[in-house]
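Here the structure is laid out as structure tokens; the discussion comes afterwards.
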Amino acid sequence: MSSLPATPTAEAIGSPARAQFEAFLDEHRAALNGCLDGLTEEQARRSLVPSRTTLLGLVKHATFVEQVWFDEAITCRSRAEIGIPATPDESFALGAEDTIVTVRKAHNDACAAARRAASALGLEDTVHGNWRGPLPLRWVYLHVLRELAQHCGHADILREQILRDQELFGRERFRGG
């Protein structure tokens with residue numbers, strides 16, 4: 001089960017914009033991390049599309065996203081200094097050391113670090129470490145939310161296919177097929 005805190009977005013309705021952004025970010029962070037719930041290592045790594053996209057790879061990529069937007073963009077440290085891949089595509093690559101436990105821990109740690117990095121800034125404060133140039137923190141929150149929402153959709157579809165295949169395979173084994 002995911003250990004990310006999730007403030008129900010309904011509780012944030014009357015809150016300031018910052019609290020609303022953070023509630024939606026945390027909800028999507030938890031949902032993406034939760035896509036690995038109850039899966040085997042093989043299922044989490046299963047490739048169902050021609051790209052490197054797997055459920056485990058999506059959570060690993062989300063870790064990269066958190067580090068790009070809340071470390072690189074805020075601190076102006078380079079990706080090499082942070083120790084992350086140079087490109088988004090590389091962030092989906094899985095090594096032998098990548099397990100459900102290690103990827104989830106890295107994701108949880110990156111989300112906690114993102115919260116700390118942004119905590120001293122206001123929504124209209126400018127970050128300077130992105131190749132696009134100076135951006136307000138509000139734009140960073142919106143961009144990350146958009147990316148997490150997109151990847152949650154990918155994860156929903158992949159997980160549904162994996163669980164359907166498991167169900168079908170289980171029925172065939174039960175029937176001796």
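Starting from 1, each residue takes its place in the sequence as its number.
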Carboxylate-amine/guanidinium contact D98 R45, below 4.0 Å | no

State, yes or no, whether a side-chain contact exists between H143 and E147 at a heavy-atom distance under 4.5 Å.
-> yes

Taking every non-hydrogen atom, the tightest pair across Y141 and A118 | OH-CB, 3.5 Å

List the steps, then state whether side-chain contact (heavy atoms from CB on, under 4.5 Å) holds for E97 with T102.
-> CA-CA 8 Å; E97 72 283 359; T102 64; 5.8 Å; no

For side-chain contact (heavy atoms from CB on, under 4.5 Å), just list the numbers for V127 and F70, CA-CA rounded to whole Å, side-chain angles, deciding distance to a tenth of an Å, and then say yes or no.
-> CA-CA 9 Å; V127 300; F70 294 104; over 6 Å; no

I would like to know whether L163 and Q166 meet side-chain contact (heavy atoms from CB on, under 4.5 Å); could you show each step before the answer?
-> CA-CA 5 Å; L163 294 177; Q166 176 185 347; 3.5 Å; yes

Heavy atoms, side chains only, cut-off 4.5 Å: are R52 and K60 in contact?
-> no

Residues in salt bridge (charged side-chain N to carboxylate O under 4.0 Å, His left out) with E124, at least two apart?
-> R138

Give, for atom CG of L55 and atom CD1 of I157, the distance between the pair rounded to the nearest 0.5 Å.
-> 11.0 Å

Only one of N33, L58, L56 clears side-chain contact (heavy atoms from CB on, under 4.5 Å) with V103; which?
-> L56

Distance in Å, L121 CG paired with R18 CZ, rounded so as to fall on 0.5 Å steps | 7.0 Å

Output for pair (D109 CG, T63 OG1), nearest 0.5 Å, gives 9.0 Å

How many angstroms lie between atom CZ of R29 and atom CG of D26, to the nearest 0.5 angstrom?
-> 5.0 Å

Between L36 and A44, which heavy-atom pair has the shortest distance, and what is it?
-> CD2-CB, 3.9 Å

Main-chain N/O of H107 paired with E66 side-chain donor or acceptor, under 3.5 Å | no

Non-hydrogen atoms of R77 and E72 that approach each other most closely = O-CG, 3.4 Å

Provide the closest heavy-atom pair for L39 versus Q43 in the form atom of the first, atom of the second, distance.
-> CA-OE1, 3.4 Å

Flag yes if more than 12 heavy atoms outside E42 fall under 6.0 Å of its CD atom; otherwise flag no.
-> yes

What's the shortest heavy-atom distance between W69 and L135, and which atoms?
-> CZ3-CD1, 3.8 Å

With sequence neighbours excluded, what pairs up with H151 under the ring pair (Phe, Tyr, Trp, His ring centres under 6.0 Å) test?
-> H61, H154

Heavy-atom nearest pair, T54 first then L158, reads C-CD1, 4.2 Å

Rounded distance [0.5 Å steps], CZ in R79 versus CD1 in I82 | 8.0 Å

Can E41 and I100 be said to form a side-chain contact (heavy atoms from CB on, under 4.5 Å), step by step?
-> CA-CA 7 Å; E41 294 293 333; I100 292 170; 3.5 Å; yes

Distance (rounded to the nearest 0.5 Å) between R104 CZ and C35 SG | 7.5 Å

